[in-house]
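Given the structure is predicted, the values throughout are model-derived calculations rather than measurements. Proteins come first, then strands; the chains are lettered A, B, ... in the order of their sequence lines, and each starts at number 1.
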Amino acid sequence: MDKNLPKTYAPKEFEDRIYQTWEDSGAFHADVNSEKTPYTIVMPPPNITGQLHMGHALDHTIQDVLTRWKRMAGFDALWLPGTDHASIATEVRVADKLRVEEGITKEELGREEFLKRAWAWKETYGGKITEQCRKLGDSCDWKRERFTMDEGCNRAVTEFFVQLYEKGMIYKGNRIINWCPSCGTSLSDAEVEHDDKKGKYYYIRYPGSDGGPGLVVATSRPETMFGDVAVAVNPDDARYRDLIGKTVILPLIDREIPVIADPYPDMEKGTGAVKITPAHDPNDFEVGCRHDLPSPSCIEEDATMNDLAGKYSGLDRYACRKAWIADLDAAGFLEKIEEMVIPIGECYRCHDVVEPMLSEQWFVHMDELAKPAIAAVEKGEVRFVPARFEKIYLHWLEEIRDWCISRQLWWGHRIPAYYCQDCGEMTVARKQPDVCPACRSSQIVQDEDVLDTWFSSALWTFSTLGWPERTEDLARYHPTDVLVTGYDIIFFWVVRMVFSAYAMMDEEPFRYVYVHGLVRDGDGRKMSKSLGNGVDPLEIIDQYGADALRFMLSTGISPGNDLRFTMDRLESCRNFANKLWNASRFVIMNLNEGGDSTLYAPGAPLPDELTLADRWILDRIRQAVIEATANMEKFELALAGQKVYELIWNEYCDWYIELVKTRLYGDDEADKERVRRILVRGLREMLSLLHPFMPFITEEIWSHLPGSDMLLIRAAWPKAEALPADPAATRQMELAMDIIRSIRNIRAEAEAQPSQKLRVLLVAETAVLNNIRLCETHIRDLGNVVDIHYLNDKTEVPEAVMTGVVDQVEIFVPLDDLIDFKAEAVRLEKESGRLSGEINRLGIKLANTAFTSKAPAAVVQAERDKLDKYQEMLDKVAERLLLVRQKLENETRSDI
RNA sequence: GGGCGCAUAGCUCAGCUGGGAGAGCACUUGCCUUACAAGCAAGGGGUCAUAGGUUCAAGUCCUAUUGCGCCCACCA
C-alpha cells in the first residue's frame with residue numbers, strides 16, 4: 001500500500017514524472033487495430049517560429065480535455081501532434097537572425113545555405129515546442145508526430161498541386177496581387193489585414209489636350225499617376241459627357257491619356273472621374289482589360305519608383321508622393337487636399353503597407369472548390385460550435401476570389417513546375433523531368449517560388465494520416481471528429497481544409513469545429529509581443545502547476561468568446577487543486593493500512609449497509625456524472641468543469657468528509673471500513689471526472705490510492721448507472737443541512753463562540769421530527785450541539801431563545817445571556833420581509849387565472865406548494881417576532 | 001458599406017431548449033476546530049444597458065436605441 005501524500009501540494013514535484021509515466025505506458029498511442037471506435041483530433045500545428053504562448057495553452061487544453069475524456073469513455077482516441085514550417089514567418093525570423101548575428105542578408109548567403117539555417121532553426125524550435133506540449137500535459141500520440149515539411153507532407157503537397165493543376169484548378173497568370181514590399185513576396189487576400197487609417201485625397205487637374213480645362217480626379221495614391229493610362233467616367237455622368245473620347249494630359253508628365261466611359265466610376269464618389277492605373281489597382285486592371293489598355297508598372301517590388309516616374313525614379317513610394325505633390329502644387333495642378341479615412345491593407349506578418357501590383361503568380365480557381373465546402377456546412381456535415389461561425393464561414397466562401405498561392409520565398413514547398421531553358425516549355429509534375437517533353441532538352445529548372453504556407457496545412461487532416469498513400473491510419477481516423485481552433489484562423493485554415501478534403505478525399509475533414517476565442521490580458525488587451533503583455537505559460541506552470549493553468553483555461557471560457565487571463569482566477573484554480581490534494585490526503589491517511597486493498601480498488605462493490613450521508617453523497621456524485629457528461633457531449637467544457645468543482649468542494653469536502661469524521665474516529669471497525677470504502681469510491685469517481693481537466697494531480701492522487709492497478713488516464717469515465725440513485729436521501733440530507741446552517745447562523749448572529757456547545761429545541765410534527773432524528777448525529781457534530789430536544793409544540797420553549805425556521809421545523813436555541821433582542825428582532829424582520837415578498841409574488845401569480853389555466857399543471861402545483869411552505873414559515877417567524885417585540889417593550893417599560 | 005459579438009454583484013465572468021438571480025476575486029464578522037489559513041463558518045451587495053413587443057410567465061425570444069469590441073469589404 002502506498003504511503004500517504006506529501007503534506008503540501010507541490011505540482012513541480014510530480015508533473016514531469018507523471019507525464020513520463022503516461023508516455024512510457026503507451027497510453028497516448030492510438031491503436032489502428034483497436035476494436036474501439038476511433039476518435040480523432042489533429043492538433044493545429046504550432047508555427048516553429050518560437051515558443052508556445054497562452055493561446056496555444058488554451059487551444060491545447062481544450063483538445064486534451066476532449067481527448068482524455070473520449071479515451072476514458074472507451075474510444076480509441078488519437079490526438080495527432082505536429083508543427084508548421086510557417087514559411088513567411090520563419091523565413092523572416094531566420095533572416096533577422098542572420099542579419100543580427102552574422103550581418104548578412106539571405107541573398108548574400110544564397111538559397112541552399114539559407115535553407116540549411118532554416119532547418120537548424122526548425123530543429124531547435126520544433127523541439128522546444130514539443131517539450132512545452134509535454135509540460136502542458138498534452139496527451140498526444142508522439143509516435144505520429146508530423147511536420148508540414150516532412151517527407152510525407154511534401155509528397156502530399158506535390159500530389160495536391162499536380163492533381164489540381166491537371167484538373168485545371170491551378171493556373172499561372174498575370175494579375176493584380178497583394179505585394180508586401182518588406183517581406184518581398186506576394187500575399188493571398190486572407191493575409192492582408194484591413195485597417196482604417198487617416199489619409200488624404202489629392203484632387204489633381206488633368207488638363208484637356210485641346211487646351212480645355214479637362215477634369216479633376218481624386219486619388220489617395222498620387223504616385224501611381226505615372227502608371228495612369230486613362231481617366232474613366234460614368235457614361236451617365238452629365239458633367240463629363242463631352243469629354244468622353246477626348247484626351248487629357250497627365251500634368252507635368254505630359255502624356256496624353258483618353259477619357260473613357262465605363263460603368264465602374266461611382267458618380268457620388270470623389271469627382272466622379274477616376275484615374276485608371278491597371279498595374280496598381282485591381283479595379284483599374286479590370287477596366288483596363290475591358291478597354292484593351294496597356295498596364296505599365298511604375299512601382300518596383302521594393303516599393304521604390306521606377307524609370308516611368310522620371311526624376312522621381314529610385315525614390316520610395318512615400319517620398320515620391322511627397323515630392324510629386326509639392327511639384328504639382330507648385331505648378332498649379334493640385335486643386336485641393338481632403339482629409340479622409342482610408343482603408344489600408346497591411347501585411348499580416350510585418351504590417352508594412354501592401355502594394356497592389358501586377359505580377360505573374362500561381363492561383364487556385366476557387367469557384368468549383370468552394371461549392372462542396374459551402375454545401376458541407378449547409379448540409380451539416382461540418383458543424384461549428386458555436387453555430388454563429390457558420391455564417392461567417394459561408395459568407396467568406398461565397399465571396400471568395402482566386403487564391404494566390406505562390407510566394408517569392410525560399411523556406412517552403414517549392415512549386416512543382418519545371419521550365420525548359422531552351423524552349424521555355426513548362427511542365428507540372430510529381431518529379432523533375434529528365435528532359436523537356438517538348439524539345440528533349442535536359443536544361444530544366446524548377447520554379448523559384450514556394451507555396452503559401454497554408455497550402456500545406458490545408459491538407460493537414462489527411463496528409464498526417466499518410467495520404468496520398470491509402471494507409472490504414474487514413475482509412476480509420478479520417479474524417480477526424482473535431483477541429484479545435486481560434487476564430488482568427490477560420491479563413492486561413494479551416495475553410496481551406498474543408499475544400500481540400502472534399503477535393504482530395506471526397507469527404508469532410510472533420511465533423512465539428514470547436515471555435516475558441518483569444519486569450520487577453522487582465523485589461524482585455526490582446527496578448528502580444530509588441531505590447532509586452534504576454535504571459536508565458538511555462539512560467540505559470542512553473543509557479544502554479546499545469547493543472548491550475550489548465551483548469552483556469554478550460555473553465556473560464558464559453559465557446560467562441562475571448563478569455564481574460566487574471567492571476568486571481570489562476571490562484572483560485574490552484575487553491576482548488578490544493579483543496580483536492582488535502583481532501584485526498586485526509587482520505588488516504590484514514591485508510592486501514594493492513595486492510596484488504598481490493599475493497600478500495602476501482603469498481604469494488606459498495607458496502608451493503610449505507611448510511612443516509614453515504615446514500616446522499618453517492619446520489620450527488622451520480623447526479624454530477626449525469627450532468628457533467630451531458631455538458632461534455634455538448635462541448636460545454638466549462639460547465640462540466642464547474643460541476644465537478646462544486647461537487648468536490650461544496651459537497652464532498654464541505655459536507656461529506658465532515659459528516660463522516662465521527663464515524664471514522666469511532667470504535668465501530670466495520671462501520672469505519674464502510675466509510676473508508678465510500679470515501680475512496682467517491683474520490684475515485686471525482687478524480688475520474690476531473691482527470692481531463694487536471695490530469696496531473698488526479699493521476700498522482702490516484703496512484704496513492706490502494707488497489708489502483710492501472711493508470712487513471714486509462715480508467716473508465718464514470719457511469720451513472722454504477723451509482724445508486726437516492727433522491728429521498730438527498731432531500732432528507734438537505735433538510736439536515738438547512739437545519740445545521742440555521743443553527744450556525746444563530747450562533748454567528750448571537751456572537752456565540754464557535755467552541756460553545758449549544759442546546760437546541762426542534763419543534764415540528766412527529767413525522768417530521770422522526771425524519772430529523774435520523775440525522776441527529778450530524779446536527780450534533782456539525783452544529784456543535786450537545787443536546788437536542790424534540791417537541792410537538794412550543795409550550796416548553798423558554799423565552800430567551802433565538803429562532804430559525806426551516807420548512808416545517810422551528811429551531812430554538814436558548815442563549816440566555818447572549819441574546820440581543822433588538823438584533824433578534826431585526827433578524828426576524830428581515831426574514832419576515834423576505835418571506836412576505838415571496839408570498840406576495842406567489843399570491844399574485846396564483847390569483848392570475850391566465851397562469852393557472854395556461855401554465856403546465858406541474859408548474860402551477862410547484863408554485864402552490866411553495867406558497868404553502870412560505871406561508872407556514874412566515875406564520876412561525878411572525879409569531880416569534882411578536883414575542884420578541886413584546887419582550888423589548890417590557891424591557892423598555894422596566895427601564896422606565 | 002456589410003456582418004457579428006458583448007452590455008448581469010465593486011472587479012472578471014457563468015447562466016445550455018423561457019418557470020424562484022450564480023461563481024471566483026474583493027468586502028464585513030468570527031475562527032490557527034488534529035485534511036487544508038492556498039483554509040473553515042456566517043454575512044452584505046444586482047430595477048440582468050435603455051425603450052417597446054411576444055407570452056400566463058422574459059436575464060433568457062423578437063424589434064429599435066445607446067455604448068464598447070471584433071470581422072469582412074477592390075486604398076478614386
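What separates CG of D523(A) from C1' of C13(B) is a distance of 15 Å, to the nearest Å. L580(A) has its CG atom 14 Å from the P atom of G39(B), to the nearest Å. Atom P of nucleotide A35(B) and atom OH of Y656(A) are separated by 16 Å, given to the nearest angstrom.
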Summary of protein contacts for nucleotides 22-31 of chain B, nucleotide by nucleotide, where a base hit scores B, a sugar-phosphate-only hit scores S (4.0 Å, heavy atoms):
-SSS------

Close N or O pairs between protein and nucleotides 17-19 of chain B (under 3.5 Å):
none

So which protein N/O to nucleotides 1-10 of chain B N/O distances come out below 3.5 Å?
unit_1	atom_1	unit_2	atom_2	d
C4(B)	OP1	K391(A)	NZ	2.7

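For A38(B), its base sits under 3.5 Å from the side chain of R574(A) at one donor and acceptor pair at least.
Contact annotation: H280(A) side-chain N/O to C75(B) OP1/OP2 distance is not under 4.0 Å.
Closest to the side chain of R741(A), from the set A42(B), A35(B), U12(B), is A42(B).
Rounding to the nearest 0.5 Å places CD of E700(A) at 10.5 Å from CG of L705(A).
Stacking of R175(A) on the aromatic ring of F363(A) is recorded, both the 6.0 Å distance cut-off and the 45° axial limit being met.
With a cut-off of 3.5 Å on both pairing distances, the Watson-Crick or G-U wobble partner of A64(B) is U50(B).
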